[in-house]
Amino acid sequence: MTSKSGSRRQPTAISSPAERLLAWYDRHRRHLPWRSAPGEAADPYHVWLSEIMLQQTTVVTVGPYYTDFLTRWPRIEDLAAAPLDDVLTAWAGLGYYARARNLKKCAEVLVADHGGRFPDTEAGLLDLPGIGPYTAAAISAIAFDRKATILDGNVERVMARLHRVETPLPKAKEELRALAARYTPDLRPGDYAQAIMDLGATICTPTKPKCFLCPWREDCAAHAAGDMEVYPKKSPKAARPQRFGFCFVMIDKDGRIALEKRPEKGLLGGMVQVPTSDWLGAPLDVTDATSLAPVKGKWRQLDGSVIHVFTHFALHLTVFAATCVKADPRYQWVSVDQLGTVALPSVMRKVVEHGLGKLS
DNA sequence: GAAACGTGGGC
DNA sequence: TGCCCAAGTTT
């Protein structure tokens with residue numbers, strides 16, 4: 001601790017990059033709800049649940065969902081036994097709803113065919129629904145401390161900078177994977193996996209990386225060149241198309257709203273929505289609203305529109321509202337304070353709020 | 001390989 | 001304001 005590079009330094013082994021990263025991790029690891037205490041074994045169920053939730057989703061967003069899921073379904077057997085609609089309801093707002101459908105399916109498979117235990121190998125994990133190359137490696141490493149090369153957005157960025165990889169993503173994937181494999185240690189592979197993700201999340205960030213705090217500063221070609229932020233290079237992305245539709249908010253005399261279930265597969269699969277037109281590539285003609293509406297009635301167009309940006313298109317919804325004397329049994333009628341009990345995705349929550357806000 | 005698949009926050 | 005980004009997987 002007190003030794004400086006000087007003449008009377010004790011003889012020590014030259015540390016590897018992995019050792020330097022692990023030493024940094026031991027001092028600076030993040031405290032996350034799904035992380036076991038230092039030196040304690042991780043619970044594979046907890047690791048799996050967190051990894052699925054964290055796919056393309058930030059730590060801050062996942063936090064409350066993870067806690068809620070574990071409270072509702074403390075063991076994988078509980079999750080396997082739960083109705084899918086309950087799982088989708090608890091997942092509502094997190095996005096990428098195929099994750100929730102696969103989560104439930106994976107739990108069922110594990111309980112039915114594997115005694116409720118996770119495989120400890122990447123190959124075994126890869127066979128399970130919703131578990132791809134990254135997640136299989138992550139669970140294998142973190143939950144079972146098996147050597148596995150994880151390659152996620154963080155690791156891609158770190159490797160691309162360490163070696164100033166010029167190939168743009170996604171083409172560079174295998175090149176980056178090969179680099180990442182060279183760093184993965186035989187000792188503490190689970191801690192190493194979490195360490196390199198912590199490094200990417202807190203030090204080697206997309207913009208303004210904190211190189212002055214980085215344990216790999218002296219190993220990094222991009223730092224030496226001073227061009228960290230140009231890596232990883234990325235292929236240009238296509239423009240985001242626009243789609244347009246009408247939504248129909250029906251309210252009965254008790255203030256309940258008519259909802260229906262979307263098809264089980266595809267966009268927002270299995271989730272609940274307000275009746276809607278198709279979502280097309282050009283604005284709809286308002287005079288067609290009556291024919292597109294789910295029922296006849298006095299439909300009132302509300303001011304403004306709801307704009308919701310999905311990954312692959314931006315959606316513009318014009319909202320119509322009508323009050324109904326009779327609650328059509330084809331729909332599920334839900335009061336506003338009960339909306340938390342149904343699987344309402346964010347786009348539809350916006351539509352409902354827009355409808356209620358404009359009405360009152 | 002490319003496209004489908006959500007959402008909210010940061011700059 | 002619009003673009004980028006976040007512990008990717010499936011088809």
Side-chain angles (χ1 to χ4, degrees), chain A residues 30 32-35 46-66 88 91-103 105-106 125-143 148-158 168-174 177 180 190 192-202 204-208 229 232 234-243 262-271 273 279 306-315 343-350:
Chain A
R30 289 178 292 174
L32 302 173
W34 43 86
R35 225 169 233 185
H46 297 178
V47 174
W48 165 68
L49 179 60
S50 67
E51 289 298 341
I52 301 298
M53 287 185 166
L54 286 162
Q55 289 168 4
Q56 299 292 284
T57 309
T58 60
V59 163
V60 170
T61 299
V62 165
Y65 284 88
Y66 174 82
L88 289 175
W91 199 277
L94 249 196
Y96 285 146
Y97 297 100
R99 290 185 295 171
R101 303 194 296 272
N102 285 330
L103 188 83
K105 181 66 181 171
C106 185
L125 289 159
L126 259 180
D127 285 337
L128 295 166
I131 297 182
Y134 162 74
T135 305
I139 296 174
S140 174
I142 299 170
T149 299
I150 59 159
L151 187 69
D152 72 328
N154 289 305
V155 180
E156 288 173 353
R157 185 170 58 254
V158 170
L169 284 169
K171 187 164 184 255
K173 200 111 176 175
E174 288 314 310
R177 188 187 307 282
Y192 175 83
Q194 297 175 88
I196 196 169
M197 286 191 287
D198 275 13
L199 187 77
T202 66
C204 196
T205 46
T207 60
K208 300 182 189 295
E229 293 198 20
K234 299 195 174 181
S235 299
K237 55 208 64 176
R240 200 194 312 271
Q242 313 283 309
R243 293 189 195 172
R262 290 179 62 88
E264 294 294 336
K265 294 192 172 187
L267 185 69
L268 308 175
M271 303 296 284
Q273 69 176 3
W279 301 341
V306 171
I307 299 173
H308 187 81
V309 181
F310 293 98
T311 305
H312 54 304
F313 66 93
L315 179 62
L344 197 68
S346 291
V347 59
M348 288 297 153
R349 184 177 47 71
K350 285 187 194 174

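Chain letters run A, B, ... following the sequence lines, proteins first and then strands; every chain starts at 1. Just so it is clear, the structure is predicted and the values come from calculations on it, not from any experiment.
Residue A:K234 is classed as a sugar-phosphate contact, given heavy-atom separations below 4.0 Å to backbone atoms only. A:K237 comes within contact range of the sugar-phosphate backbone alone, with a heavy-atom separation under 4.0 Å but no base atom that close. Residue contacts shown for A:T207 are absent, as no nucleic acid heavy atom lies under 4.0 Å away. If you check every strand for non-hydrogen atoms under 4.0 Å, A:R30 touches a base. Using a 4.0 Å heavy-atom cutoff across all strands shown, A:V62 reaches no nucleic acid atom at all. Counting non-hydrogen atoms under 4.0 angstrom, A:P129 reaches the backbone sugars and phosphates but no base. At the heavy-atom level, A:W34 lies under 4.0 Å from base atoms of the strands shown. Among the protein residues, A:V155 comes within range of no part of the nucleic acid, since none of its heavy atoms lies under 4.0 Å from any strand. Counting non-hydrogen atoms under 4.0 angstrom, A:L126 reaches nothing in the nucleic acid. Among the atoms of the strands shown, only primed sugar atoms or phosphate atoms (P, OP1, OP2) are found under 4.0 Å from some heavy atom of A:S346. At the heavy-atom level, A:L268 lies under 4.0 Å from the strands shown only through sugar-phosphate atoms. Using a 4.0 Å heavy-atom distance criterion, A:G93 is classed as a sugar-phosphate-only contact. Backbone-only engagement by A:I131 is indicated by non-hydrogen atom pairs under 4.0 Å involving sugar-phosphate atoms exclusively.
Closest to the side chain of A:H308, from the set B:dC5, C:dG8, B:dG8, is B:dG8. Residue A:R349 places its side chain closer to B:dG8 than to any other of B:dG8, B:dG6, C:dC5. In the set C:dT9, C:dA7, B:dG6, B:dG6 carries the atom at the smallest distance from any side-chain atom of A:T311. When each of B:dG6, B:dT7, C:dA7 is scored by its nearest atom to the side-chain atoms of A:L32, the top-ranked nucleotide is C:dA7. Picking from B:dG6, C:dG8, B:dT7 the nucleotide with the shortest atom distance to the side chain of A:L267 gives B:dG6. For A:Q55, taking side-chain heavy atoms from C-beta onward, the closest of the listed nucleotides B:dC5, B:dT7, C:dT9 is C:dT9.
Comparing A:P170 and A:K350, the nucleotide of DNA chain B nearest to each residue sits closer to the 5' end for A:P170. Position along DNA chain C of the nearest nucleotide to A:G130 versus A:V59 favours A:V59 as the more 5'-ward residue. Both A:A238 and A:R99 lie close to DNA chain B; mapped to their nearest nucleotides by heavy-atom distance, the more 5′-ward contact belongs to A:A238.
One finds no side-chain N or O of A:R101 lying less than 4.0 angstrom from the OP1 or OP2 phosphate oxygen of B:dC5.
Judged purely by atom type and a 3.5 angstrom limit, A:R240 uses its side chain to pair as donor or acceptor with the backbone of A:F310. Proximity of a side-chain donor or acceptor of A:R349 to a complementary backbone N or O of A:A92 within less than 3.5 Å is not detected. The main-chain N or O of A:H46 is found under 3.5 Å from a side-chain atom of A:S50 such that the two form a donor-acceptor pair. One N or O on the side chain of A:D198 and one on the backbone of A:R30 form a donor-acceptor pair closer than 3.5 Å.
One interatomic measurement links the two molecules: CZ of A:F310 to P of C:dA6, which rounds to 22 Å at whole-angstrom precision. Rounded to whole angstrom, the span from the NE2 atom of A:H312 across to the C1' atom of C:dT11 amounts to 13 Å.
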Item to complete: Decide side chain to side chain contact (heavy atoms under 4.5 Å, CB included) for A:L128 and A:W48; before the verdict, give the C-alpha distance in whole Å, the side-chain angles of both, and the deciding distance to 0.1 Å.
Response: CA-CA 11 Å; A:L128 295 166; A:W48 165 68; over 6 Å; no
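With P as the reference atom, B:dA4 and C:dA7 are 24 Å apart, rounded to whole Å. For C:dT9 and B:dG1, the C1' atoms lie 15 Å apart once the distance is rounded to whole Å. Between the C1' atoms of C:dC4 and B:dG6, the separation comes to 15 Å (whole Å).
No more than 12 heavy atoms of other residues, nucleotides or ligands lie within 6.0 Å of NZ in A:K105, so this atom counts as exposed by the packing criterion.
Minimum heavy-atom separation, A:A193 to A:A141: CB-CB, 4.1 Å.
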